[in-house]
Structure formats: C-alpha cells, structure tokens
Amino acid sequence: MDLEKRPPHEAAQQPPPGQADRHPPRAEGCLAVAIRLPVRIVVLVLVVPVRLLWDALTVCGRFLYYRGVRPVGRAIGAVLTWLFKAVFVWPWVGLWRYVVVPVGAGLAWLGRMLVVTPVAWFYRAVLTPVGHGIAWLALGIGRAVTAAALGVGAGCAWLWRYLVAIPAAWFYARVLTPVGHGIAWLARVIGSGAAAAGRGIGAVLTWLFKAVFVWPWVGLWRYVVVPVGAGLAWLGRVLIVIPAVWLYRAVLTPLGHGIAWLARGIRTVVSALFRWIFVAPVVALWRWVLAPVGRAVAVVAREIGDALGHAWRVAGHISLVIGRFLAKLLRWIFVEPVRWVYRTVLTPVGHVVRDAVWRPAAKAVKEVRRATRQALTSARESVRQARADVRRMLFGAPRQPVPVAAAPGEPVPVPVARREPDAPGTRTLGSSTTALTKD
C-alpha cells in the first residue's frame with residue numbers, strides 16, 4: 001500500500017489504466033538512495049508533533065470562530081444597529097411623522113385658504129374680464145393701423161412708380177445706353193493701337209536685354225571658362241591623382257597588410273594567454289568542483305523537500321486518526337449523556353411548560369392586545385367626530401348644489417351626501433379643504 005498521497009496535479013497527470021507511461025521514471029544516483037530513508041525518518045519524527053499542534057490549533061480556531069467570535073460579532077452588530085437607529089433614525093422619523101407632516105398639512109391648508117383661493121377668485125373675476133377688454137381694444141387699434149398703413153403704402157408706391165421709376169428707365173434706355181456704346185467702341189480702337197505699339201517696343205527691349213546681359217556671359221563661359229577649366233583638370237590629374245594612386249598601391253597597401261598581420265599575431269597570442277591563464281582554470285573549477293557539489297546539494301535539498309511533503313501527509317493521516325478517536329471519546333463522555341438528558345428529561349418538561357404556561361399567557365396577551373386596539377379605534381372615532389363638529393362650527397355646513405330644472409318627463413337629480421358625520425364615512429381635513437376650495 002502506497003502511504004504517500006500524491007498531490008492533485010500529479011494525480012491528474014497519471015495515465016489512465018491500460019496505457020503505458022510515456023514518461024519513464026528519472027534515474028536516481030546512489031547518493032539519493034542512501035540519504036532518502038534516514039532523512040525521511042528524521043523529518044517524520046520532527047514534523048508529526050508540528051502537524052498535530054497545527055491541526056489542534058485549526059480545530060480550536062474554527063470552534064472559537066463559529067461558537068464565539070461570530071455570535072458575539074452578530075450580537076454586537078445588532079446592538080450597534082439598534083443604537084444607531086435609536087440615536088439617528090427613529091428621532092428623525094418621529095419628528096417627520098408627528099411634527100413636520102402635520103405642520104406642513106396645516107400650512108398647506110392655510111396657504112390654500114389665504115393665498116390660492118383669493119388669487120384664483122381675483123384672476124377669474126377681475127383679471128380675466130380686464131384682459132379680454134384690453135385684447136379687444138388692442139385688436140381694434142391694430143386693425144385701424146393696418147388699414148391706414150395699407151392706404152399710405154399704396155399712395156407712396158404710385159408716386160415712386162410715376163415720378164422715379166419710369167423717368168429713370170427712359171433716361172437709361174434713351175441716353176446712357178448710346179453713350180456707353182460709343183465709349184466702348186472708342187476704348188476698343190485705342191486698345192488695338194496700344195497693343196500693336198506695345199508688341200514693337202517689347203521686341204526692341206528684348207533684343208537690347210539679350211545684347212547687354214545674355215550674349216556677353218554666354219561668350220565668356222563658352223570661350224574662356226570652359227577651356228581654362230579643362231586645362232586645370234588635366235594638370236590636377238597629372239600632378240595629384242596619378243601620384244596619389246601610385247603612393248596608395250606601392251607604399252600604403254603593403255604597409256597596411258603588414259600592420260594587420262602583426263595585429264592578428266598579437267591578438268592570437270593574447271587570446272591564447274587569456275584562455276590558459278583565466279578560462280581553463282575557471283572551466284576546470286566549474287566542471288570538477290562546483291558542478292558535482294551543486295548536484296549533491298540539489299539532490300539533498302530535493303530529498304529533504306520530498307521528505308517534508310511525505311512527512312506532512314503521513315502526519316496528517318496520523319492527526320486525522322487521533323482526532324477521530326478524541327471526537328468519538330468526547331461524544332461517548334459528553335454528547336451522548338447530554339442528548340439522553342435532553343430527550344428523556346428536558347423535552348417532556350418543555351412540553352408541559354409550553355402547554356400549561358406559555359400558550360395561556362400568549363392567549364391572554366392576544367386578548368389584551370385586541371381590547372387595546374378596539375379602545376384605540378373608539379378613541380380615534382371620537383376624535384374624528386369632535387374635529388368634524390369643530391369644523392362645522394368654524395366654517396359652517398358645506399353648500400349643497402342647487403338642482404337644475406329638469407325637462408318635462410325627466411327625473412330631478414338628487415344631491416349626493418357629503419362626507420359628514422351623518423354619512424357612512426367621516427370626512428378628513430384634506431377632503432374638507434379640497435371641497436371648500438372647489439366650492
């Protein structure tokens with residue numbers, strides 16, 4: 001039986017049954033085989049107490065969290081929530097519900113009675129007739145002004161047509177047009193003569209410009225500058241270029257080849273010296289000392305890590321077995337006796353208390369609550385009746401609509417009962433003020 005529990009990623013990488021393992025096990029040296037068993041034994045002896053202590057602390061921490069910290073936190077949260085509501089929420093809710101809302105309703109009723117109703121009556125009885133009269137007067141004045149403006153505009157148009165437009169059209173057609181045609185013909189004749197004279201003057205000026213500014217410079221370039229430049233180029237090639245090429249080929253090239261050969265030799269010697277003095281010792285040290293020591297340290301470290309993992313998993317199994325044994329022992333010693341006492345003693349006593357004490361007390365509380373609710377309802381009805389009587393004494397009874405005379409053979413409409421105390425339902429402050437405003 002394999003006591004080493006594989007990690008999940010290694011278990012997921014295992015090939016399914018019936019298929020050969022594509023990755024053969026890695027080869028291990030004698031050093032790994034020699035140190036594996038002692039290291040695992042030592043690590044297991046050291047890790048088991050640590051794992052037992054860790055599991056015990058984990059169980060205690062979970063028990064304290066679920067049985068102590070979380071219930072206490074919930075209780076503290078409930079108390080803080082109640083205090084917050086009692087200090088910041090409920091006072092403002094009571095102020096809004098029992099102070100601001102009634103005062104606002106009273107102010108709204110006073111505003112309707114003292115401002116809205118008089119203003120509406122003043123608008124309907126005074127401002128509307130005055131506005132209609134002003135609109136009728138303005139309409140009459142506008143129509144008169146429009147008629148007068150139309151008459152004056154027609155007269156001005158007639159005068160403009162026969163005093164300005166017709167004489168101006170005759171003057172343009174009979175006087176200005178012939179004069180303009182004559183001026184245009186004279187301008188065409190003068191322009192033709194000026195164009196011919198300009199072409200002749202331009203030809204003379206062009207010939208003078210070439211004779212003074214172009215032809216002398218062309219002759220100087222063709223017969224002086226070009227021959228002198230050709231001679232200077234021949235002298236430069238004979239005196240400078242040919243000697244320089246000979247010097248590069250016969251002197252500088254062999255000298256450069258010799259310097260390059262010498263530099264290659266010096267570089268080869270320096271490279272060989274550097275290799276045998278520095279590189280070869282470092283490579284030998286790495287190959288024959290550092291690499292073997294590193295591999296040995298890696299093997300030891302890997303084996304210690306594997307041993308720690310194996311020991312931790314084995315200690316987990318041991319801790320699980322010990323924990324289950326202690327849980328069963330605790331259950332046999334404490335839980336089962338407590339359950340027996342609860343089922344045999346406390347449950348019958350609780351049923352007797354529930355049937356003999358709790359249910360009669362709850363029934364009595366319900367009866368008291370029902371009687372209190374009925375008393376509050378009666379008091380509310382009495383307050384509404386008193387408020388309706390006071391409103392009737394202050395404002396009088398509401399007016400009844402006058403029935404309209406019906407045609408012969410039609411029934412006379414009967415007025416609908418208002419929401420007064422004699423009606424099935426009582427009238428509230430809002431409904432009464434609305435009815436008064438509408439009336």
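- For CH2 of W54, the number of neighbouring non-hydrogen atoms (other residues, nucleotides, ligands) closer than 6.0 Å is 12 at most.
- Panel note: side chain S271, backbone R267; a donor-acceptor pair is recorded below 3.5 Å.
- From R384, atom CZ reaches atom CZ of R380 across 6.5 Å, with rounding to the nearest 0.5 Å.
- Atom CG of L232 and atom CZ of R237 lie 12.0 Å apart (nearest 0.5 Å).
- Of all heavy-atom pairs spanning K85 and P91, the tightest one is O-CD, 3.8 Å.
- The two atoms that bring G142 and T146 nearest to each other are O-OG1, 2.7 Å, heavy atoms only.
- A donor-acceptor pair is defined here as one N or O able to donate and one able to accept, closer than 3.5 Å; no such pair exists between the side chain of R359 and the backbone of R354.
- Side-chain contact check for H257 versus T253: some heavy-atom pair is nearer than 4.5 Å.
- Crowding of R275 atom CZ: a count of heavy atoms from other residues, nucleotides or ligands under 6.0 Å not exceeding 12.
- The distance from the CG atom of L329 to the CD1 atom of I322 is 13.0 Å, given to the nearest 0.5 Å.
- Nearest heavy-atom pair, P243 versus V238, reported as atom, atom and distance to 0.1 Å: CD-O, 3.5 Å.
- V283 has its side chain within reach of R287: a pair of non-hydrogen atoms, C-beta onward, lies under 4.5 Å apart.
- For W90, the CH2 atom counts as densely surrounded, since its 6.0 Å shell holds more than 12 non-hydrogen atoms of other residues, nucleotides or ligands.
- Heavy-atom contacts from other residues, nucleotides or ligands closer than 6.0 Å to CH2 of W221 number 12 or fewer.
- Rounding to the nearest 0.5 Å gives a distance of 10.0 Å between CZ of R51 and CZ of R313.
- Here the straight-line distance linking atom CH2 of W121 with atom OG1 of T117 works out to 12.5 Å at 0.5 Å rounding.
- To the nearest 0.5 Å, atom CZ of residue R74 and atom OG1 of residue T81 are 13.0 Å apart.
- The neighbour count for R331 CZ, taken as heavy atoms of other residues, nucleotides or ligands under 6.0 Å away, does not exceed 12.
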For this session: Would you check, one step at a time, whether the test side chain to side chain contact (heavy atoms under 4.5 Å, CB included) holds for D389 with Q385?
Result: CA-CA 6 Å; D389 294 338; Q385 184 70 24; 3.8 Å; yes
